[in-house]
> 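First the structure, which I've put down as structure tokens, then a few questions once you've had a look.
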There are 4 protein chains.
Amino acid sequence: MHMSGKVRVAVAGASGYAGGEMLRLLLGHPDVEIGALTGGSNAGEKLGVLQPHLVPLADRVLEATTPEILAGHDVVFLGLPHGQSAAIANALGDDTVVIDCGADFRLTDPGEWEKFYGGVHAGSWPYGLPELPGLRVQLQGAKRIAVPGCYPTISTLTLAPAVAAGLITPDVVVVAASGTSGAGKALKANLLGSEVMGNVSAYGVGGVHRHTPEITQNLSLLTDGEIKVSFTPLLVPMPRGILATCSAPIARKVTAEEAYEVYAAAYADEPFVTVLPQGMWPQTKSVLGSNSVHLQVTVDQTAGRLVAVGAIDNLAKGTGGAAVQCMNLALGLPESTGLTTIGLAP
Amino acid sequence: MHMSGKVRVAVAGASGYAGGEMLRLLLGHPDVEIGALTGGSNAGEKLGVLQPHLVPLADRVLEATTPEILAGHDVVFLGLPHGQSAAIANALGDDTVVIDCGADFRLTDPGEWEKFYGGVHAGSWPYGLPELPGLRVQLQGAKRIAVPGCYPTISTLTLAPAVAAGLITPDVVVVAASGTSGAGKALKANLLGSEVMGNVSAYGVGGVHRHTPEITQNLSLLTDGEIKVSFTPLLVPMPRGILATCSAPIARKVTAEEAYEVYAAAYADEPFVTVLPQGMWPQTKSVLGSNSVHLQVTVDQTAGRLVAVGAIDNLAKGTGGAAVQCMNLALGLPESTGLTTIGLAP
Amino acid sequence: MHMSGKVRVAVAGASGYAGGEMLRLLLGHPDVEIGALTGGSNAGEKLGVLQPHLVPLADRVLEATTPEILAGHDVVFLGLPHGQSAAIANALGDDTVVIDCGADFRLTDPGEWEKFYGGVHAGSWPYGLPELPGLRVQLQGAKRIAVPGCYPTISTLTLAPAVAAGLITPDVVVVAASGTSGAGKALKANLLGSEVMGNVSAYGVGGVHRHTPEITQNLSLLTDGEIKVSFTPLLVPMPRGILATCSAPIARKVTAEEAYEVYAAAYADEPFVTVLPQGMWPQTKSVLGSNSVHLQVTVDQTAGRLVAVGAIDNLAKGTGGAAVQCMNLALGLPESTGLTTIGLAP
Amino acid sequence: MHMSGKVRVAVAGASGYAGGEMLRLLLGHPDVEIGALTGGSNAGEKLGVLQPHLVPLADRVLEATTPEILAGHDVVFLGLPHGQSAAIANALGDDTVVIDCGADFRLTDPGEWEKFYGGVHAGSWPYGLPELPGLRVQLQGAKRIAVPGCYPTISTLTLAPAVAAGLITPDVVVVAASGTSGAGKALKANLLGSEVMGNVSAYGVGGVHRHTPEITQNLSLLTDGEIKVSFTPLLVPMPRGILATCSAPIARKVTAEEAYEVYAAAYADEPFVTVLPQGMWPQTKSVLGSNSVHLQVTVDQTAGRLVAVGAIDNLAKGTGGAAVQCMNLALGLPESTGLTTIGLAP
């Protein structure tokens with residue numbers, strides 16, 4: 001730690017949405033001091049112009065994203081395009097905690113990496129979803145952490161108790177509606193406000209979205225059964241939030257009450273997961289800006305399926321909040337430090 | 001027909017969203033003359049205050065919704081709350097074509113009616129989805145027509161070719177994202193702009209939404225197999241539009257190409273259904289205000305599911321446009337008169 | 001006209017928002033046949049991919065924007081970036097009606113052109129705002145027409161009766177809230193959906209927006225007094241629509257009733273302008289997709305100002321609808337052909 | 001203070017938007033303990049159902065809004081309909097700090113009260129806008145505080161430096177675009193999501209909005225000149241935020257630079273007010289959920305007007321954040337405790 005007694009952190013990719021969200025949360029973290037901020041083509045510009053909501057950092061100038069600039073921090077957060085994290089991480093010593101919001105180190109199977117991302121697999125790091133059984137302990141004291149993708153986070157948490165308890169045959173269907181910030185700040189015509197407002201569209205349909213194998217990998221940790229995942233993402237007209245509607249055939253007779261109790265028990269001790277009162281269904285607005293996960297579950301006896309719905313803020317618990325939560329675990333700080341369960345509604 | 005040579009129509013429920021949309025379309029219909037407009041608690045008010053977008057009818061005053069007021073028209077459109085259509089329809093003679101946008105006459109099975117709507121089943125009328133094999137002929141010259149629900153319209157059309165061709169086991173999962181006008185003008189807190197903007201929520205989860213048995217009924221016309229429907233509606237922050245994401249296990253080996261060809265062939269002669277070029281996925285904005293249905297289909301070989309996505313405007317093809325299309329069939333007019341395939345984008 | 005008896009039209013810039021809107025309207029125009037469609041970098045692509053809402057033109061391929069391609073049509077619509085219209089127009093003979101949606105030929109004063117746009121002034125064409133006293137006659141039979149800017153259209157129409165009647169000192173303040181399509185399909189970070197949703201911002205503040213001198217020029221036609229225009233545009237989270245709030249000091253004692261009557265009288269014969277019933281204020285949704293202008297006016301006696309509010313659809317009456325209206329006038333067709341006063345609400 | 005050493009607070013009107021926002025902020029306030037929560041017709045219901053985003057209070061049950069329930073707290077926040085605060089406040093002793101988010105005690109002039117609100121004037125309390133010269137000291141240690149209206153807060157702060165420095169003739173024009181939460185949770189048809197999405201409308205036009213005299217009253221504190229305020233509110237499609245565009249004739253020759261320096265100097269020591277770098281204009285998203293005020297100013301030399309634009313979150317700095325800021329001042333806590341300057345973007 002720094003002489004100030006504070007953890008000194010750097011953020012690479014500070015001009016993007018993931019970087020901005022990490023900074024928003026880190027500014028409210030009592031144990032953190034913000035060091036280097038780096039950008040790509042934006043290096044040299046003031047953060048106040050690029051991220052005007054981060055008032056206390058308005059006069060900070062973005063530096064280049066190099067190992068030299070990022071060295072000398074206790075924690076380095078990476079919010080970089082896919083494929084750029086490995087080189088940076090390798091150049092940083094093991095005395096630096098590196099937390100990667102990109103995909104480079106999430107998948108354990110090189111074949112899946114190659115199939116969905118192409119190129120050489122960089123390896124895998126401890127996976128930053130502490131709510132998944134067995135993972136929290138791997139994150140405590142970890143020096144390298146891969147923050148999960150936003151869709152895998154909510155899809156996994158929405159299905160995990162049902163899979164783990166054997167309530168369902170793990171042949172799951174996930175339709176997840178996401179706000180546009182999940183696509184980043186990329187200048188693409190289909191992301192223009194004129195295109196997305198008043199519009200819902202599907203994309204990456206048919207099992208081709210890169211988050212599909214990550215969901216499969218997560219659920220595989222919970223059962224010996226063969227996992228099948230049909231995943232369809234939707235783009236909906238809001239900046240933030242994901243609502244995942246998940247279902248699967250019930251594996252045995254189970255009532256809605258039983259399913260609810262399984263979920264309530266599974267997450268009873270999780271600080272960020274709320275199984276809503278029965279009958280209330282999640283909405284993304286309730287978790288806006290927070291690290292909360294809101295869940296509900298029921299059983300459709302006619303269709304023979306368990307249906308569960310989950311909501312997160314894709315930038316918070318889905319990216320930046322998870323990154324801070326992981327940092328807390330890595331450093332031995334209380335897991336919730338600097339994070340809130342309270343959403344910004346309405 | 002009227003002395004003018006025009007069809008004289010009345011609209012009951014002219015102050016609601018369904019009524020407003022029927023009037024918007026009927027004003028552009030070259031063969032129609034608009035007669036009585038009725039309301040409930042709004043009777044006595046000017047339409048210009050209630051529906052300011054309907055400029056040519058601004059000075060029209062809403063009358064009470066009674067058989068006497070509605071009598072003497074060639075066609076009466078009903079946009080009334082559930083349960084109110086039967087009494088009106090019974091009082092109108094068989095020389096009047098009655099087109100009901102409510103649910104009262106959609107279901108053929110009294111048991112399903114009772115289970116989902118409660119009360120006594122009023123019977124069933126010819127079902128206004130001419131794109132479903134065998135139904136168009138029933139609508140030609142019909143005196144009573146039940147306009148389908150918005151969700152059943154798009155869910156059925158998105159799945160029908162796959163079911164009819166036996167590509168899938170008809171154990172289907174439908175997740176349909178709808179704009180808020182589908183819920184009508186009801187004054188409910190969860191429909192306030194402050195609640196719905198920036199928000200996606202699920203509702204009617206677990207097979208309890210009233211449109212579920214209607215989807216089942218429709219798909220049953222296409223196969224002898226047992227239909228199972230898992231239906232989850234989502235409320236998304238836009239006024240109009242539905243995007244339905246539908247999937248089911250493939251029943252035999254089938255490629256995406258084959259599935260596409262089945263869909264293209266099934267709808268080749270349908271004036272309002274467009275199967276998009278392969279690789280393009282539907283978006284609601286493309287069909288805004290139009291009677292178009294946009295579809296796409298693929299096969300996820302890893303998950304073993306066919307996935308199809310469809311988009312309509314819930315108020316147009318999902319309600320008012322379908323009503324006009326049905327009127328055209330009932331009266332022997334060209335089916336597309338007064339309707340467009342062109343959406344209002346961006 | 002063409003052998004078919006139809007007017008043969010070409011649209012340059014068919015992949016943009018202005019081009020798309022003109023095509024949407026022209027497809028519904030009974031006297032028009034659509035000829036060449038041209039693009040810039042999109043030349044060679046299918047329109048179905050670029051403008052999926054224009055179903056009947058899905059298979060059309062965009063050609064290059066050259067005089068050769070555009071020659072041989074009765075009417076050529078230009079939806080091009082500023083500065084590109086003159087070369088095209090000069091190469092087209094006087095037997096072709098050229099209707100320019102760009103700014104190149106709107107301003108009459110070369111000094112203002114230079115100040116706000118830079119470069120050489122190309123000259124000025126008849127100005128396509130037939131509702132302004134004296135302008136309709138100039139458009140009848142015209143061979144070259146400059147379609148007004150969207151902000152000038154609504155600002156001018158909202159203020160014109162008050163200026164012409166001398167109710168106000170023409171020292172006007174206009175604050176106009178616009179949907180994002182007014183900025184075109186340009187790939188700019190501030191136009192991304194993630195940025196504009198849930199957000200209102202001001203831009204071009206302090207008299208620097210290019211539409212400012214155009215408003216001044218228009219109001220100057222109505223009075224000998226010195227015109228001052230303070231114009232501030234706002235970007236609001238919707239795809240289409242402009243609401244202009246306009247005010248100025250009253251020049252003499254005038255009641256709200258009197259002001260209303262002046263407005264009602266001024267537009268009594270205008271097919272597209274509706275002065276709403278007193279007490280009702282315009283909203284953009286009522287005019288969505290239509291050629292309507294909705295207006296209201298009152299007098300704030302305490303502040304000593306007349307306040308008028310106007311709404312249009314920036315792409316329809318603000319661009320593409322005005323272009324079609326101008327074509328009708330140029331060709332001697334009924335002015336409203338192919339246009340509607342009915343908005344798409346809700 | 002309470003035995004815990006914490007300030008014990010009650011919130012009346014906890015189910016509304018103002019109440020919910022106060023609770024969101026108070027939950028993050030390190031010196032506060034949340035006591036009684038009361039509602040109107042919602043009394044008896046759980047807060048988790050009414051405000052699902054307030055996770056830590058989910059099991060709290062709303063009580064009736066009576067002096068007995070509210071007694072015994074250090075601070076009572078009132079988020080009640082107009083006219084209900086006086087009776088409650090009078091029944092609470094002077095050992096309780098009462099902070100009223102309603103309008104009852106804002107206006108000092110009984111005549112203005114009667115004209116705009118009707119009924120008997122209840123009196124006036126110290127006005128909770130510490131950034132206005134001279135007001136902070138009145139709030140320190142105060143026992144009764146009237147939280148300003150949301151529009152007056154941003155309109156006043158956007159104009160104050162120019163008025164105080166005599167840069168403008170105080171004949172001001174304010175057009176303020178507000179998100180829908182400013183209208184509260186009232187079940188009105190024009191506030192339905194279907195109505196407000198994709199729509200901008202004006203309301204309360206012509207000097208009749210109740211916040212008009214409050215703006216006048218505030219600016220009168222800064223000049224001896226006669227204040228004239230032309231105020232027009234707009235409803236825009238977003239849940240939160242206000243952008244106020246303000247202008248007035250310049251009173252003397254002044255450059256944009258000079259005006260900027262006047263603004264920068266005026267707010268140099270204010271913890272929540274940021275005058276953005278020159279050339280950057282405010283946007284509401286940058287202040288979302290924060291207590292920040294973002295401002296910019298320029299001079300339009302052609303129109304002879306100073307134009308300033310300001311942004312706040314109407315529920316935060318515009319209501320709940322101001323209430324917490326006022327509590328801090330009343331109790332002698334650091335003014336920024338529990339508040340942030342960092343907005344939630346994108």
> Heavy-atom distances under 4.5 Å only: say whether A186(A) touches chain C with side chain, backbone, both or neither.
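For A186(A), backbone heavy atoms alone lie under 4.5 Å from chain C.
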
> Return one line per donor-acceptor pair between chain A and chain C under 3.5 Å, naming both atoms and the distance rounded to 0.1 Å.
from: Y17(A); atom 1: OH; to: E195(C); atom 2: OE2; distance (Å): 2.4
from: T180(A); atom 1: OG1; to: S194(C); atom 2: N; distance (Å): 3.4
from: T180(A); atom 1: OG1; to: S194(C); atom 2: OG; distance (Å): 2.7
from: S181(A); atom 1: N; to: S194(C); atom 2: OG; distance (Å): 3.2
from: L191(A); atom 1: O; to: G193(C); atom 2: N; distance (Å): 2.7
from: G193(A); atom 1: N; to: L191(C); atom 2: O; distance (Å): 2.7
from: S194(A); atom 1: N; to: T180(C); atom 2: OG1; distance (Å): 3.4
from: S194(A); atom 1: OG; to: T180(C); atom 2: OG1; distance (Å): 2.7
from: S194(A); atom 1: OG; to: S181(C); atom 2: N; distance (Å): 3.2
from: E195(A); atom 1: OE2; to: Y17(C); atom 2: OH; distance (Å): 2.4

> Could you check which of G182(A), P239(A), G184(A) has the highest count of heavy-atom pairs closer than 4.5 Å to chain C?
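Looking at each option in turn, the highest pair count goes to P239(A).
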
> Quick one: which of A183(C), P237(C), G198(C) has the most heavy-atom pairs under 4.5 Å with chain A, could you say?
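When all of A183(C), P237(C), G198(C) are compared, P237(C) has the most.
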
> For chain C, which candidate among L187(A), L191(A), V196(A) shows the most heavy-atom pairs at distances under 4.5 Å?
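Of the candidates given, the most pairs with chain C belong to L187(A).
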
> Could you grab the distance from atom CE of M197(C) to atom CE of M197(A), nearest 0.5 Å is fine?
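It comes to 7.5 Å.
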
